[in-house]
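Scroll down for the structure; my scribbles are underneath it.
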There are 2 protein chains.
Amino acid sequence: MVKNDKVVTRRVIKEKSSASFSPLYKQIKDLLLQSLESGEFKAGLMIPSEQELAARFQVSQGTVRKAIDELSTENVLIRRQGKGTFVATHHEPQVRYRFLRLSTDTYHADEKRAQSIVLSCTQQTPTEEQRQLFELKPEQFVICIKRVMHLSNQPTVYEEIYVPEPSFQHLTLELLNTEKLPLYSLFESYFGVQLIRCDEKLRAVKAPLDVARMLNVEEGYPLLSVNRIAYTYGDKAMEIRNGLYLTEHYYYRNSLN
Amino acid sequence: MVKNDKVVTRRVIKEKSSASFSPLYKQIKDLLLQSLESGEFKAGLMIPSEQELAARFQVSQGTVRKAIDELSTENVLIRRQGKGTFVATHHEPQVRYRFLRLSTDTYHADEKRAQSIVLSCTQQTPTEEQRQLFELKPEQFVICIKRVMHLSNQPTVYEEIYVPEPSFQHLTLELLNTEKLPLYSLFESYFGVQLIRCDEKLRAVKAPLDVARMLNVEEGYPLLSVNRIAYTYGDKAMEIRNGLYLTEHYYYRNSLN
DNA sequence: TAGTGGTCTAGACCACGTT
DNA sequence: ACGTGGTCTAGACCACTAG
């Protein structure tokens with residue numbers, strides 16, 4: 001079985017009654033996140049067993065367990081009874097398109113029905129907002145991808161995607177056209193960037209003329225505007241995505257509690 | 001301290017290795033949900049302590065704890081260290097409007113800035129979809145509420161709300177106009193109906209003429225259509241709400257992971 | 001059969017809020 | 001000082017997967 005198992009000894013602070021007290025399992029969680037961030041634990045592979053981690057960190061299995069529990073509910077790690085605990089990856093069919101919430105009443109916009117056409121991939125000077133979010137230095141750039149996504153052979157989504165150039169060197173139109181992977185899978189494989197969480201802002205807007213033409217609707221037709229900021233480990237923003245969704249046959253589904 | 005503390009002894013099945021095995025803590029969770037559904041545990045009040053429940057159900061505190069953990073992450077119960085565990089209520093400011101996801105970049109659409117004007121409250125024959133969702137008998141009705149909600153003194157949301165009449169007898173326009181409570185607080189106080197979860201379907205649509213006038217926009221202006229089904233304990237649908245949001249100054253925010 | 005995560009226990013002690 | 005939830009431990013056993 002392929003797995004992550006480099007042995008590193010770390011020290012855990014067991015002090016109590018300090019000023020700002022952090023429970024042990026939170027410290028373990030942070031250590032695990034560091035291992036993910038540093039690349040010690042690689043996407044798709046198994047991390048050391050709970051017993052092993054308990055021994056490494058000198059805590060009980062229950063404490064490791066609670067740390068993994070949280071990372072598991074955050075979809076950062078995936079537990080598989082009888083097999084082990086694995087680093088979540090965008091390659092698996094179940095999590096592909098997990099951030100695309102377009103559905104019909106009968107099916108989800110999944111891999112089989114989704115097909116994307118990249119229109120352009122250019123290097124640009126970032127806006128002030130982009131520079132701050134990506135923590136870019138004055139002379140650094142962003143890469144902008146424009147594309148149209150077809151669902152059930154209907155043009156349904158137009159997107160403008162921005163990523164920080166320093167983390168995505170050699171991201172080109174050729175690569176995007178060669179690798180017919182979902183974008184987040186490609187980010188993972190080629191750039192080692194794992195997007196694990198995102199915030200979205202939704203509005204209803206009038207279709208601008210150029211987008212209207214691409215989606216086969218008249219100018220001014222209502223589209224769902226989805227502005228997304230996607231984050232990797234450590235709450236670092238790694239992608240800004242402005243999408244316009246045609247919601248005639250699909251809707252954006254959401255569950256609240 | 002006011003609390004829920006009627007003593008009821010229940011028997012817990014501790015069998016293992018059965019056909020479809022359900023862990024003890026899941027059984028405890030179901031028992032707690034039954035107590036909530038039956039009204040034994042009342043909204044806003046404290047439930048028995050973990051120790052008490054452990055004794056009642058003849059299991060360890062850890063097992064009760066895990067059951068409460070799940071109900072707590074589902075926002076059904078709320079833990080307060082040093083005080084106790086409480087039944088979530090829509091009366092508290094923190095959870096008021098917790099299902100209304102309209103924000104600006106600076107603030108959330110909270111109580112202080114929200115004001116709703118009820119236009120009508122009528123009894124209607126349900127549609128086939130409504131009849132099925134609410135499990136209504138042929139001769140039973142739904143109540144339909146139409147209202148406009150103002151945010152920051154601007155008409156922003158138009159809603160048509162449907163609830164099953166048998167569970168909401170004597171819900172009248174007078175009551176809605178008298179009690180200036182958020183709707184879900186009113187449902188809780190007057191009808192003992194706790195809405196704890198909902199599913200939403202979002203689309204961008206053209207404003208119909210009548211709604212356009214109410215929201216001070218021209219006919220056909222893009223609005224965010226939000227179709228919600230809200231559920232109480234036991235996944236029973238208790239409300240259908242079709243909203244049209246003007247997203248000029250506010251947006252619908254969402255977090256995915 | 002061995003190894004993994006999943007459940008359950010009993011007990012100790014800590015942090016927090018109230019009395 | 002007391003009662004609540006919160007953390008941590010050590011150990012036992014169960015359920016699932018794979019060789």
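Proteins get letters first, then strands, A, B, ... in listed order; numbering begins at 1 in each.
Rounded to whole Å, the distance from CG on D69(B) to P on dG6(C) is 15 Å. Atoms CZ (R65(B)) and P (dT7(C)) sit 16 Å apart, rounded to a whole Å. Taking atom CD of residue Q58(A) and atom C1' of nucleotide dA10(D), one finds them 15 Å apart after rounding to whole Å. The CE atom of M46(B) sits 15 Å away from the P atom of dG17(C) (whole-angstrom rounding). Rounded to an integer number of Å, the gap from CG of L53(A) to P of dT4(C) is 11 Å. Taking atom CD on E50(A) and atom P on dG11(D), their separation rounds to 17 Å, with Å as the unit. The interatomic distance linking L24(B) (CG) with dA15(D) (C1') rounds to 15 Å, in whole Å. Rounded to an integer number of Å, the gap from CD of E70(A) to P of dG6(D) is 12 Å.
Annotation: side-chain hydrogen bond (donor to acceptor under 3.5 Å, both in side chains) contacts of T85(B) (sequence neighbours excluded): none. Every residue meeting the side-chain contact (heavy atoms from CB on, under 4.5 Å) condition with N242(B), not counting sequence neighbours, appears here in chain and number order: Y162(B), N227(B), I240(B). With sequence neighbours excluded, the residues that form a side-chain contact (heavy atoms from CB on, under 4.5 Å) with E92(B) are I78(B), R80(B), T89(B), Q94(B), V95(B). Under the side-chain contact (heavy atoms from CB on, under 4.5 Å) criterion, I229(B) pairs with L133(B), Y231(B), A237(B), sequence neighbours left out.
At the phosphate of dT7(D), OP1 or OP2 sits under 4.0 Å from a side-chain N or O atom of K66(A). Applying the 4.0 Å criterion to OP1 and OP2 of dC8(C), one finds that T63(B) has every side-chain N and O outside that range.
Closest approach of R101(A) to L256(B), counting heavy atoms only: NH1-CD2, 3.1 Å.
E129(A) CD: 12 or fewer foreign heavy atoms inside a 6.0 Å radius.
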Could you list all N or O pairs between the protein and nucleotides 1-3 of chain D that sit under 3.5 Å apart?
from: dG3(D); atom 1: N2; to: G82(B); atom 2: O; distance (Å): 2.8

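Two residues, G62(A) and I68(B), neighbour DNA chain D, and the one matched to the more 5' nucleotide by heavy-atom proximity is I68(B).
Nearest to the side chain of Y25(B), among dT7(C), dG5(D), dA10(D), sits dT7(C). The nucleotide whose nearest atom lies closest to any side-chain atom of S60(A) is, among dT9(D), dG6(D), dC8(C), dT9(D).
At a threshold of 4.0 angstrom between heavy atoms, the contacts of R80(A) are confined to the sugar-phosphate backbone, with no base atom among them.
A side-chain N or O of Y252(A) and one of N254(B) form a donor-acceptor pair less than 3.5 Å apart. For the residue pair Y250(B) and S152(B), a side-chain donor N or O sits within less than 3.5 Å of a side-chain acceptor on the partner.
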Bracket notation of DNA chain D in which parentheses pair within the strand, [ ] cross earlier pairs, and | pairs with another strand (Watson-Crick or G-U, under 3.5 Å): ||||||||||||||||||.
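Between F99(A) and Y184(A), the ring planes lie perpendicular to each other; the angle is over 60°, past the 30° to 60° tilted range.
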